[in-house]
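Since the structure comes first, as structure tokens, the remarks are kept for the end.
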Amino acid sequence: MAGRGGTARSNGPAAGNKICQFKLVLLGESAVGKSSLVLRFVKGQFHEYQESTIGAAFLTQTVCLDDTTVKFEIWDTAGQERYHSLAPMYYRGAQAAIVVYDITNTEAQAYAEDNSLLFMETSAKTAMNVNEIFMAIAKKLPKNEPQNAGGTSGRTRGVDLQETSPQSRSQCCSN
């Protein structure tokens, strides 16, 4: 079930389970731990000296929720200033985003609360809340509109980072 970068933490979908696929992007400044967070989730690994991402990295991981298997297509974007112009290309059409930041920035929690956003402190180093953040996202994503594999029917609100009209398509499909 898992693509490049790791193995699924489940035994695969049971017969009759719905399978939903969602694009998720990791956003944030350089060296705040985006790659460490996703590598902890997908591979269960932590590297003290993680190299900077160039452009973006793509990984997949699945999680099981009751009668639904959620497959995340995870885009880990580079945070360096020179790659900022590429970011919209990677997050276009995403249904979820994780904004990773340095914990000493206390404005993030207030912003999340003011905008009714999911907020959770995590640590890739200790694995604190890493699986929990992805499970919380999986639980909040809409899974009630089965679609064909091409995602051509139905529309749901995607990640809207530039306040444009919400025109992204859900990629949830039933088995």
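Quick caveat, the model's predicted, so the values are computed rather than measured.
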In sequence, state the C-alpha distance, the side-chain angles, and the governing distance for L24 and Q95, and then conclude on side-chain contact (heavy atoms from CB on, under 4.5 Å).
CA-CA 6 Å; L24 180 147; Q95 286 85 16; over 6 Å; no
Just by modelled atom types, is the E73 backbone N or O under 3.5 Å from a matching donor or acceptor in the T60 side chain?
no
Would L59 and L39 count as a side-chain contact (heavy atoms from CB on, under 4.5 Å) here? Give the steps.
CA-CA 9 Å; L59 298 97; L39 287 174; 4.1 Å; yes
Between F41 and F72, how do the two ring planes meet: parallel, tilted or perpendicular, split at 30° and 60°?
perpendicular
Any chance CD of E29 has more than 12 other-residue heavy atoms, nucleotides or ligands included, within less than 6.0 Å?
no
Check [X] against [Y] and note the closest heavy-atom contact, atom names and distance.
X    : Y    : result
S123 : V130 : O-CG2, 3.5 Å
N17  : D66  : ND2-O, 4.1 Å
L27  : K34  : C-CD, 3.5 Å
V100 : V32  : O-CG2, 3.4 Å

Candidate pair V70 and F22, rule side-chain contact (heavy atoms from CB on, under 4.5 Å), full reasoning:
CA-CA 7 Å; V70 175; F22 296 104; 3.7 Å; yes
May I have the step-by-step check of side-chain hydrogen bond (donor to acceptor under 3.5 Å, both in side chains) for S35 and T53, ending in yes or no?
CA-CA 7 Å; S35 297; T53 302; 2.7 Å; yes
Are the side chains of K43 and V38 in touch, meaning some heavy atoms are under 4.5 Å apart?
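The answer is no; the side chains never approach within 4.5 Å.
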Q61 versus K71: any side-chain heavy-atom pair under 4.5 Å?
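Sidechains of K71 and Q61: no contact.
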Do F46 and I74 sit in the same hydrophobic cluster, where Ile, Leu, Val, Met, Phe, Trp and Tyr count as joined when their side-chain heavy atoms come under 4.5 Å apart?
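Hydrophobic grouping puts F46 apart from I74.
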Any chain of hydrophobic side-chain contacts (each under 4.5 Å) joining M128 to I98?
no
Which atom pairs, donor and acceptor, lie under 3.5 Å between side-chain atoms of residues 111-121 and protein residues at least two apart or in another chain?
residue : atom : partner : partner atom : Å
E113    : OE2  : Q109    : NE2          : 3.3
N115    : ND2  : Y111    : O            : 2.9

Between K23 and V25, does a side-chain contact (heavy atoms from CB on, under 4.5 Å) hold up when you go through it step by step?
CA-CA 7 Å; K23 181 177 179 180; V25 294; 4.3 Å; yes
